[in-house]
Structure formats: C-alpha cells, structure tokens
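First up is the structure itself, then whatever we jot down about it.
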There are 2 protein chains.
Amino acid sequence: MLENIMLGFLMQKEMSGYDLKQWMAECTSYFFDASFGSIYPALKRMEDKGYIVCRETVEGSKFKKLYSITEAGKSYFLGWLEKPITFTKSNHSYLVNIYFYNHLPIEKATANLKQFAEVLEQHMNEVNMQKEQTEKTYNTKNNFRYSTIICGIYYFQSIIDWCNDLIKHLE
Amino acid sequence: MLENIMLGFLMQKEMSGYDLKQWMAECTSYFFDASFGSIYPALKRMEDKGYIVCRETVEGSKFKKLYSITEAGKSYFLGWLEKPITFTKSNHSYLVNIYFYNHLPIEKATANLKQFAEVLEQHMNEVNMQKEQTEKTYNTKNNFRYSTIICGIYYFQSIIDWCNDLIKHLE
DNA sequence: CAGTCCATGTAAGAAGTTACATGATTCT
DNA sequence: AGAATCATGTAACTTCTTACATGGACTG
C-alpha cells in the first residue's frame with residue numbers, strides 16, 4: 001500500500017522522499033501516513049524494481065533526489081488501481097477501551113468519553129481545514145481527492161455523534 | 001493493546017488462548033482482532049510478568065490451558081483503562097485507492113465503488129447480526145459492549161452513505 | 001547564534017501475520 | 001472414513017516506527 005500511494009503521488013510530478021512525506025501529511029494523513037524510515041527504503045526498492053528513476057539535483061547548494069515514475073511504474077500502478085477495492089479491517093483501538101468501561105466508575109467513564117470527544121473534535125477540525133484548503137486550491141468539489149476528505153468528515157462526525165449519544169445516555 | 005484486550009476478557013473468567021481468539025472473533029473483530037501467532041506468545045509474556053496464571057486442565061481427554069488474571073494483572077488493567085483514551089489514526093487503505101480514482105475511466109471507478117459498497121453492506125450485516133445477538137443474550141441495550149457495536153453501525157453506515165453519495169454524483 | 005526547517009539515510013526493535021507442525025475429538 | 005472443529009505452539013517473514021546520525025539553509 002505504501003508503494004502504491006507513493007507511485008500515485010509520483011503520477012503528478014517528480015518528487016523527493018521529503019516531498020512525498022509532506023504530501024501525505026497534508027492530504028492523506030487522516031487515512032494513511034508513513035514515516036521517513038519506511039519512505040526512503042521504499043524508494044530504493046521501487047527503483048530496483050524499475051518503477052521509478054532517480055535524478056539528483058543541486059539548486060544552489062541544496063541537494064535533492066527527485067524521483068519520477070517510469071512506464072513500468074505507471075502500468076503497475078494503474079493495474080493495481082483498477083482492481084477491486086479491498087476492505088481491510090483496521091484496529092480502532094479506542095473501542096477496546098470503551099468495550100471494557102463497565103469496569104470503570106460511571107463518572108470516570110463519562111469524563112474519559114468527554115475528553116475523547118474533544119480529541120475527536122480536534123481531528124474533525126483538521127479535516128475541515130483540509131476541506132477548505134482544497135476548495136480554495138482547486139475551486140471545485142468534483143474530484144476524488146476532495147471526496148476522500150468528505151469521507152473523513154462523515155467518519156469523524158459519526159463517531160462524535162455516537163460518543164455524544166453515549167455520554168448523554170450515561171448522564 | 002493486544003495484552004490489554006486479553007486481560008479485559010480474562011476479567012470475566014478464566015480462558016484458554018483458543019477461547020480468547022473466539023471472543024475476539026465474535027465480539028470485537030470489526031475493531032480489533034489477532035491471530036493465534038500473536039495470542040499464544042502474548043499469554044507467555046503476560047505469565048512471565050505475573051499478570052496471569054495458568055491452570056492445565058484435562059476434561060475427559062480434552063487438554064486445555066486455562067489462564068486467569070492475577071491481582072497484579074487486574075491492577076495493571078484497571079490502571080490502563082482509566083487513562084485517557086488515545087485516538088490513533090488507523091489506515092483506511094480503501095481511501096488510498098479512491099484518492100487516485102481520477103486516473104481511472106469514470107465507468108470503471110463507478111463500477112469499483114459499487115462493488116465496494118456491497119462489501120461494506122456485508123460488513124454492516126455482520127455487525128447488525130452481532131447487535132441482535134447481543135440484544136438477545138443480555139436483554140439490554142445499556143452496556144458498553146453493546147455501545148461499541150452501535151459505533152460499528154454508525155461507522156459502516158457513514159461510509160456506505162458517503163460511498164453511495166459519491167456513486168450518485170458520478171452518474 | 002540558537003532554533004527550526006530542509007533533506008537523506010540506517011539500525012534496532014516492535015508488533016504483528018502466515019504457514020507450518022502436531023494431535024485429539026466431533027460431526028456427517 | 002473424511003472433514004471440520006478444538007487446541008497449542010513455533011519459525012520465518014513482513015511491515016512499520018523510533019531513534020539516531022549527518023549536515024546545510026533559513027530565520028529571528
């Protein structure tokens with residue numbers, strides 16, 4: 001999956017490992033993110049496979065390794081993209097806590113849930129900011145990039161609603 | 001997190017590794033699951049730490065290793081449980097696909113999304129079955145176990161709604 | 001001139017899965 | 001009798017993160 005998302009970004013333009021990390025942080029971090037410790041080795045692997053090629057640049061005294069996607073890389077990426085989407089269960093570990101909250105005094109449970117709702121609101125705000133940014137930048141709501149952000153809003157809103165319902169029910 | 005959920009289940013009663021796996025499969029699999037390859041080593045680790053103790057039983061010719069939680073285990077578990085809930089971003093890799101769907105012919109994108117919506121419906125049905133089962137077993141809607149199932153329903157419903165909206169928008 | 005950002009990379013370790021190995025029991 | 005389920009466990013592997021190591025450029 002990491003290699004796929006990196007190839008996807010390289011479909012736009014040539015980029016460095018650092019650039020790729022920034023794109024993830026800005027655009028996909030709420031549903032996918034990676035550290036440099038996995039990005040750089042992945043670039044090396046993909047170069048070995050022939051999916052990308054490297055071009056070393058020096059601007060002034062700024063050194064950068066810019067990678068671009070090859071034809072082999074494009075066809076691999078497109079081949080992956082057209083396959084059916086696989087739904088992989090992801091660990092929502094916060095639910096593990098709440099699952100066992102019968103072992104907690106009800107006041108403590110409520111307090112923790114309220115705190116959690118606030119954290120969720122913060123994440124929601126982040127996604128909302130991404131939404132506004134995207135609207136400004138592309139001046140359209142008709143693209144898939146925008147749609148994934150909307151999904152994030154649906155997602156966070158549904159958990160926030162659930163969490164608040166639960167808190168109300170406890171009080 | 002794996003150790004915590006196992007301790008949580010052992011708060012109910014003594015269980016074998018096999019039992020723990022079944023509980024996860026039946027009750028928490030949509031938000032947390034583990035394989036035997038991680039459960040059995042975890043049991044060993046937790047026994048070493050003194051959080052659980054093992055009792056080997058033979059019923060007829062059926063051999064089982066039943067683990068129960070110790071006082072140390074209980075206090076560790078409760079200590080973890082009362083801490084603030086941490087929200088960890090989880091990888092929703094299906095969104096990585098959709099994020100790049102501008103590279104796909106619109107008909108193909110729509111077809112894949114429709115297929116994906118069906119997969120989501122199946123997962124939704126599973127959670128709904130868990131919900132009905134829990135209602136029957138406990139005859140109440142007032143517990144946290146039940147609430148986590150409701151969260152699953154909220155969650156899947158929100159993605160299904162989003163997915164269907166997106167499909168409609170494309171057509 | 002200290003702190004932050006830009007930029008690349010490695011090594012160690014965490015946390016898990018898959019596949020294998022074993023063997024009894026229960027169901028059809 | 002064969003298949004499925006019960007039951008435990010290990011070894012190899014995957015995949016990722018964290019922490020470290022390095023060094024130049026920009027900013028206040």
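Here is the naming used below: chain letters follow the sequence lines, and residue numbers restart at 1 for every chain.
The residue among A:Leu2 and B:Lys44 whose nearest nucleotide of DNA chain D lies closer to the 5′ end is B:Lys44.
Across all strands shown, A:Gly17 has heavy atoms under 4.0 Å from sugar-phosphate atoms exclusively, and none from any base. Among the atoms of the strands shown, base atoms are found under 4.0 Å from some heavy atom of A:Tyr40. Within 4.0 Å of B:Gln22, counting heavy atoms only, lie sugar-phosphate atoms of the nucleic acid but no base atom.
Dashed line: the shortest gap from a side-chain N or O of B:Ser35 to OP1 or OP2 of C:dT18 is not under 4.0 Å. Between A:Lys64 and C:dA7 there is a side-chain polar atom (N or O) within less than 4.0 angstrom of OP1 or OP2. For B:Ser38 and C:dG16, the shortest distance from a side-chain N or O to OP1 or OP2 is not below 4.0 Å. Side-chain nitrogen and oxygen atoms of B:Lys21 include none within less than 4.0 Å of the OP1 or OP2 phosphate oxygen of D:dT8.
When the P atom of C:dT10 is taken as reference, atom CD1 of A:Ile39 falls 14 Å away, rounded to whole Å. If you take CZ of B:Phe32 and P of C:dA15, they are 11 Å apart, rounded to a whole angstrom.
Checked against C:dT18, C:dT8, C:dA7, the side chain of A:Asp19 finds its nearest nucleotide in C:dA7. The A:Phe63 side chain lies nearest to C:dT8 when the options are C:dT8, C:dC6, D:dC6.
In this structure, A:Phe32 has its ring center at least 6.0 angstrom away from the ring center of B:Tyr99. Taking the six-membered ring wherever Trp is involved, the centroid distance between the rings of B:Tyr51 and B:Tyr67 does not fall below 6.0 Å.
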